[in-house]
Number of protein chains: 2
Amino acid sequence: MPYDPSAFPPFAVTVDLVVLTVRRHALCALAVRRGEPPFQGRWALPGGFVRADEDLAQAAARELAEETGLRAHDPSVPAQDNGAHLEQLATYGDPKRDPRMRVVSVAHLALAPDLPAPRAGGDASNARWAPVEELLQQTGYGRDGEPVAPLAFDHAQIVSDGVERARSKIEYSSLATAFCPPQFTVGELRRVYEAVWGVALDPRNFHRKVTGTPGFLVPTGGTTTRQGGRPAQLFRAGGATLLNPPMLRPEV
Amino acid sequence: MPYDPSAFPPFAVTVDLVVLTVRRHALCALAVRRGEPPFQGRWALPGGFVRADEDLAQAAARELAEETGLRAHDPSVPAQDNGAHLEQLATYGDPKRDPRMRVVSVAHLALAPDLPAPRAGGDASNARWAPVEELLQQTGYGRDGEPVAPLAFDHAQIVSDGVERARSKIEYSSLATAFCPPQFTVGELRRVYEAVWGVALDPRNFHRKVTGTPGFLVPTGGTTTRQGGRPAQLFRAGGATLLNPPMLRPEV
DNA sequence: GTGTTTATCGTCAAGCAGACGACTATGATC
DNA sequence: GATCATAGTCGTCTGCTTGACGATAAACAC
């Protein structure tokens, strides 16, 4: 088939980001307020058009840096830097998902440690970390009493898919460490699991499990009391990416 | 931002299909021979452009029907029909993946029972079930002595990702039944696992595991001797989609 | 009948998970 | 400084699941 642009319909391709973090014991996603129609004034996921010479992962990393200042952690480089985990999530292409034109959005999932206040072009009021339960409830009032409008476009579905991916993936991988600072304690890691899954875990069994899994955690030698109580050993993420046997999510 | 087509670069969007089945104890993928440049004469995955009014899943289901005659099993309809399992796999958008133009391909994964001979527009010589190891080796000779050329475009990567998805997903879901006919025996299901994972499983432990997992298998009452030996009970897939605890893939 | 093939049931030991007791080491409070 | 609250860490015990494997059952081929 020769190059014939009339042979296929043109699409706009965007990347949208589900950036998750754990703040105050709650799983939160980054939301930005839309400045233009459609859905003007409503909250949405950060994202933007893929440029003509850009790979999808590059576009996602660029948007992530623009919105949060985070560098994406290239998974092909095993060196543990401070970058966020970034992976492709899914692609959304309903013909009516954007009323203006035909847009296919390649959603990406980013996991980041707790960050300073978000920025969106320097305007803090137009970006916030929102608890995912608040974003996913169709209507009602948020914790601060502000009425909650549904997310723009199909972004509620995308957030839901991203949260589900994160919830299942920390079961059988060491990805939960992506929510932690470079050095962290077993208790901090446990609170990540508790926030993402929304359950309480037994501290003793959790400690036995994570310290007993080879390659999951590497002690750095230091200790900290930043959580109060007895000083806790500090660890960094080990090289293992797959947990076998997996961490079991409690039922019900 | 008003609708300004010059504000974003136009993309072509395609769907490509990784259609897997188990034939003669080997995991096979459907490959079609390309009739036009680029990569003319080389094997590739079936696929095509997404139409202007089509959802991505619709486009994938349409391509699947065109290439194999299979109807996609809509996961929102729990009725067990004879359709194939179809799910989105990942999206590939390297700027240079198609030398003609900027193409973003939304790959889908389909799992089907063993089928009669494939067809590609009625021409059997242009479609075949190829063992995935054969497709994935970069060069060399296939089982029939025919020299093996790498798949067109980035399709080897897509097949690799699809196979890995299938291998991991049958661990913790009942998806392996998608490779089986509507009624099947425990031994047939075990041979699916063995072919997909490329390992031998203990028949006794496998039998205990699958029959002991509630909702996985439902006995139909019938028996069959089509595999030889003692008659085996026939089952159909139960309603359970998640296996807990999962089926463990042997190491090494 | 004998052998072969496949299916199915049972047994046993090792390992892991969940429940939970006990102890340790810090900071906060009186 | 004693006491308390908080968080971390080490053990123990019980039940369940797994992996290895013996034994039996029911068909077909000869």
Side-chain angles (χ1 to χ4, degrees), chain A residues 24-25 170-172 180 183-195 197 199-236 240 242-252, chain B residues 24-25 170-172 180 183-195 197 199-236 240 242-252:
Chain A
R24 287 184 254 117
H25 294 170
I170 66 173
E171 267 187 283
Y172 55 90
C180 294
Q183 296 202 7
F184 54 90
T185 69
V186 173
E188 289 165 347
L189 183 63
R190 175 170 48 82
R191 280 180 281 274
V192 164
Y193 276 90
E194 291 178 333
W197 284 344
V199 298
L201 299 175
D202 185 286
R204 297 156 290 188
N205 293 336
F206 183 86
H207 189 278
R208 178 182 59 189
K209 173 72 177 175
V210 296
T211 57
T213 300
F216 191 4
L217 299 182
V218 178
T220 66
T223 62
T224 182
T225 61
R226 63 186 171 215
Q227 299 291 338
R230 170 176 164 179
Q233 266 192 92
L234 283 169
F235 296 86
R236 57 178 179 79
L242 256 53
L243 296 190
N244 208 315
M247 181 87 57
L248 293 180
R249 173 161 31 163
E251 332 223 342
V252 184
Chain B
R24 287 184 254 119
H25 293 171
I170 65 172
E171 264 186 287
Y172 55 89
C180 294
Q183 296 202 9
F184 53 90
T185 69
V186 173
E188 289 166 347
L189 183 63
R190 175 170 48 82
R191 281 180 279 275
V192 165
Y193 277 89
E194 292 178 333
W197 284 345
V199 297
L201 299 175
D202 185 287
R204 296 155 292 189
N205 292 336
F206 183 87
H207 189 277
R208 177 182 60 190
K209 173 72 176 174
V210 296
T211 57
T213 300
F216 191 4
L217 298 182
V218 178
T220 65
T223 61
T224 183
T225 61
R226 62 187 172 217
Q227 299 290 337
R230 169 176 166 180
Q233 264 192 93
L234 283 169
F235 296 87
R236 56 177 179 80
L242 256 55
L243 296 189
N244 209 315
M247 180 88 58
L248 293 180
R249 177 163 24 165
E251 331 222 344
V252 185

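When reading the values below, keep in mind they use all heavy atoms of this one structure, side chains included, and skip hydrogens, waters and symmetry mates. Residue numbers start from 1 in every chain, and the chains themselves are labelled A, B, ... in the order their sequence lines are given, proteins ahead of strands.
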Would B/Asn205 and B/Lys209 count as a side-chain contact (heavy atoms from CB on, under 4.5 Å) if you check the C-alpha gap in whole Å, the side-chain angles of each, and the deciding distance to 0.1 Å? CA-CA 6 Å; B/Asn205 292 336; B/Lys209 173 72 176 174; over 6 Å; no

Polar atoms only, N or O, under 3.5 Å: list the protein pairs with nucleotides 2-6 of chain C and their distances.
residue: C/dT6; atom: O2; partner: B/Arg230; partner atom: N; Å: 3.2

Nucleotides 12-17 of chain C: which of its N/O atoms have a protein N/O under 3.5 Å away?
residue: C/dA17; atom: OP1; partner: A/Lys209; partner atom: NZ; Å: 2.8

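Taking every heavy atom of both residues into account, B/Pro214 and B/Gly212 meet most closely at CD-O, 3.4 Å. Shown here for B/Met247 and B/Val210, the closest heavy-atom pair between the two residues is CE-CG1, 3.7 Å. Of all heavy-atom pairs spanning B/Leu234 and B/Gln183, the tightest one is CD1-OE1, 3.4 Å. Summarising the geometry of B/Arg226 relative to B/Thr185, their closest heavy-atom pair is NH2-N, 4.4 Å, with the distance given to 0.1 Å. When every heavy atom of B/Phe206 is checked against every heavy atom of B/Leu201, the shortest pair comes out as CD1-CD1, 4.0 Å. Here the closest non-hydrogen pair linking A/Tyr193 and A/Leu243 is OH-CD1, 4.2 Å.
In this structure, CD of A/Gln233 is placed 13 Å from P of C/dA25, rounded to the nearest angstrom. Rounding to whole angstrom units, CZ of residue B/Phe235 and P of C/dA7 are separated by 11 Å. Between the CG atom of B/Asn244 and the P atom of D/dT17 there is a distance of 10 Å, rounded to whole Å. For the pair A/Leu234 CG and D/dA7 P, the computed distance is 17 Å after rounding to whole Å. To the nearest angstrom, C1' of C/dG21 lies 11 Å from CG of A/Asp202. Taking atom CG of A/Leu201 as the reference point, atom C1' of D/dA7 lies 16 Å away to the nearest angstrom.
Under the side chain to side chain contact (heavy atoms under 4.5 Å, CB included) rule, B/Phe235 has a single partner from B/Val186, B/Leu189, B/Val218, B/Thr220, which is B/Val186.
In this structure the side chain of A/Cys180 never reaches within 4.5 angstrom of the side chain of A/Arg191, judged on heavy atoms.
Looking at A/Arg204, its side chain comes within 3.5 Å of the base of C/dG21 through a donor and an acceptor atom.
Using a 4.0 Å cut-off, some side-chain N or O of A/His207 falls inside it from OP1 or OP2 of D/dT9.
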